[in-house]
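Working notes, beginning with the structure itself.
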Amino acid sequence: MITLNNISKQFGETNALVNITFFAKRGEIIGFLGPNGAGKTTTMRVILGLIKPTAGVVKIDADDPISERLVTLPKIGYLPENNPLYPEMKVIEYLTFVSGMKNEKSLDNLEKIMFQVDILDKKHSNIDQLSRGYKQRVGLAAALIGDPYILILDEPTSGLDPIEQDKIKKLIKSISKEKTVIFSTHILSEVEDIASRLIIVDKGSIIYDGNKPKQKGGVEKLFKKLINKSTK
Amino acid sequence: MKALFKKELLFYFNSPLGYISIVLFGVFANFMFVKDIFVYGSASLRPFFEIVPWLFMIFIPALTMRLIAEEKRTNTIEVLMSMPISEMQIVISKWLSTVLMVGVGLILTMGLPISMYLLTKQVGVRLYLPEVFVGYFGLILLASAYISISLFFSSITKNQIVAFLTSALVIFFLMIFSTDFAASILPKLLQNYLNYLSPTTQLDSLIKGVLDLRSIFYFVSVDALFIFLTVIGLENRQ
């Protein structure tokens, strides 16, 4: 369970996050929406313990991700924005390295994960020679190593063509059973397709937290209405 | 920690940077000593041990400059920091892999003591072996200190060239504190302190074959100080 209670974060004079509060349970797929600079990535980094909040409490189960990061991080799989990888490595080398870092010794599990994200045919390829879609799948595979029950995916489909986007969406859906997934996106239809819950942020504050609208195009309507209201 | 250490070490062996740096170091170190070998007139490696710190001043920042700066530029630092490994383990892994790499570079110079031992044996003169062993030990200590300094400068920038230049410059200033030039321009009191802080002053007793605990303590302290500063820098990312 992820708990964020009145989280605020200031960068100099800028309020990046203002009193962010939400809880996320196992099995939820949360679509995190907001315009650029709304605070989506900062919130995700706070959950990971990469950024220390100025005020408020964050807990992963009962542990603080800042002071207990070695306890909380094995529970979290993270795909950062723009998916930074080591281009000089082969896919298998990179994933073996991540396994070592996460103390995951079973190579069978690694094969299973590569099968799951459909990159077995590329395991001996250099990362810098992969297409963007494949790179994204390598990033997802790395996030899945160690079987974390929380997945934080920062714009997992950004920059992909519609076919690759579709593959990644299906992949997220298939791996999300029994996990808590928080993913940020600019593509509103994505939230409609895979999220079970919707959180919209603007200017560092949550302006909506609840179920996604059921009708087609409902997410887009709701998003535009709330952002316009927030801007006024 | 083992995984990161292995990754860093493999990077050196799988990339031109590692090979070029180490081979160039080996060529320069051997050449600089051998070109004047008959001028020295003594069976000693001391001139070699005095040359190497100046070569380290260039080669170590070149090997170390990318270690954290590149991770920051490409944002892979975020991937590292999101894994269950402490900042201390990240820094130690990177530091240790580079110390080992410099050790490999020093192995490339082992032909010098071996050939000098064989040559001097023929003319009935003996190479003083403790001087060789303790001298090499001193070079490893010196390298470890330079690596920790360079690692720190790699951690405060995203630009490898800036990391290289700042660490080379700082090492250069530390080294010239022990020179006659510094003695001639600095006030006596200041000169004494700065001379003590110079790594080449501390290396001096070791290259004479004296296992001086004060020098060992000095190098270990420099390692600890700059590793600590690097860890603090990474922690402050939060």
Side-chain angles (χ1 to χ4, degrees), chain A residues 9 41-42 44-54 58 64-90 93-105 126-128 138-139 142-143 145-146 148 150-154, chain B residues 1-21 63 65-98 101 154-155 158-160 231-238:
Chain A
K9 178 67 189 176
T41 300
T42 307
M44 291 178 160
R45 287 178 176 159
V46 164
I47 296 169
L48 279 148
L50 298 175
I51 291 179
K52 195 174 179 178
T54 315
V58 197
D64 179 344
I66 296 284
S67 59
E68 303 286 332
R69 60 187 290 268
L70 296 185
V71 177
T72 58
L73 283 177
K75 298 173 184 173
I76 308 174
Y78 178 44
L79 177 69
E81 192 179 5
N82 299 325
N83 187 22
L85 299 166
Y86 295 103
E88 72 277 5
M89 292 176 108
K90 291 186 188 323
E93 285 171 351
Y94 177 66
L95 296 178
T96 308
F97 161 65
V98 175
S99 297
M101 294 288 279
K102 292 186 174 183
N103 283 323
E104 173 67 51
K105 296 196 171 70
N126 273 352
I127 289 176
D128 63 351
V138 172
I145 290 171
I150 297 168
L151 283 178
I152 295 182
L153 313 173
D154 198 355
Chain B
M1 185 170 156
K2 201 173 132 193
L4 185 57
F5 169 77
K6 196 174 153 191
K7 175 194 154 289
E8 293 299 339
L9 203 60
L10 282 177
F11 178 85
Y12 286 129
F13 286 108
N14 290 334
S15 74
L17 173 81
Y19 282 111
I20 291 171
S21 301
L63 274 178
M65 62 185 183
R66 52 162 276 281
L67 282 178
I68 297 178
E70 185 66 2
E71 302 263 17
K72 286 170 105 173
R73 191 186 66 79
T74 57
N75 206 28
T76 46
I77 191 75
E78 191 152 313
V79 177
L80 276 188
M81 301 291 275
S82 69
M83 291 185 197
I85 177 169
S86 68
E87 289 87 353
M88 178 64 88
Q89 286 173 313
I90 292 174
V91 175
I92 294 281
S93 305
K94 287 175 177 281
W95 175 79
L96 212 54
S97 62
T98 316
M101 194 61 188
S154 175
S155 76
K158 285 181 180 177
N159 188 321
Q160 293 190 49
V231 170
I232 295 290
L234 284 183
E235 282 176 352
N236 281 346
R237 275 174 55 85
Q238 291 174 338

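So that the names make sense, note that chain A is the first sequence line, chain B the second, and so on, each numbered from 1.
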Nearest heavy-atom neighbours spanning B:Met83 and A:Leu73: O-CD1, 3.4 Å
Minimum-distance pair of heavy atoms, taken over all atoms of A:Pro84 and B:Val79: O-CG2, 3.4 Å
Check: B:Leu10 and A:Phe97 side chains under 4.5 Å, non-hydrogen atoms: no
Leading residue by heavy atom contact count with chain A [cutoff under 4.5 Å; candidates B:Met81, B:Lys7, B:Glu70]: B:Lys7
Closest non-hydrogen atom pair, B:Ala3 against A:Met101: CB-N, 3.7 Å
Contact class of A:Tyr78 relative to chain B, heavy atoms under 4.5 angstrom: side chain
Over 12 foreign heavy atoms within 6.0 Å of NZ, B:Lys6: no
Steps toward side-chain contact (heavy atoms from CB on, under 4.5 Å) verdict (A:Arg45, B:Glu78): CA-CA 9 Å; A:Arg45 287 178 176 159; B:Glu78 191 152 313; 3.0 Å; yes
Part of A:Ile152 lying under 4.5 Å from any heavy atom of chain B: neither
Salt bridge flag under 4.0 Å for residues A:Arg69 and B:Glu235: no
Point-to-point distance, once rounded to the nearest 0.5 Å, from CG of A:Asn103 to NZ of B:Lys2: 10.5 Å
Side chain / backbone / both / neither for B:Thr74 at chain A, heavy atoms under 4.5 Å: backbone
Rounded distance (nearest 0.5 Å) linking atom CG of A:Leu70 with atom OG of B:Ser86: 6.0 Å
Matching residue for B:Ser82 among A:Leu48, A:Ile76, A:Leu79 - test: side-chain contact (heavy atoms from CB on, under 4.5 Å): A:Leu48
NZ-CG distance between A:Lys90 and B:Asn14, expressed to the nearest 0.5 angstrom: 9.0 Å
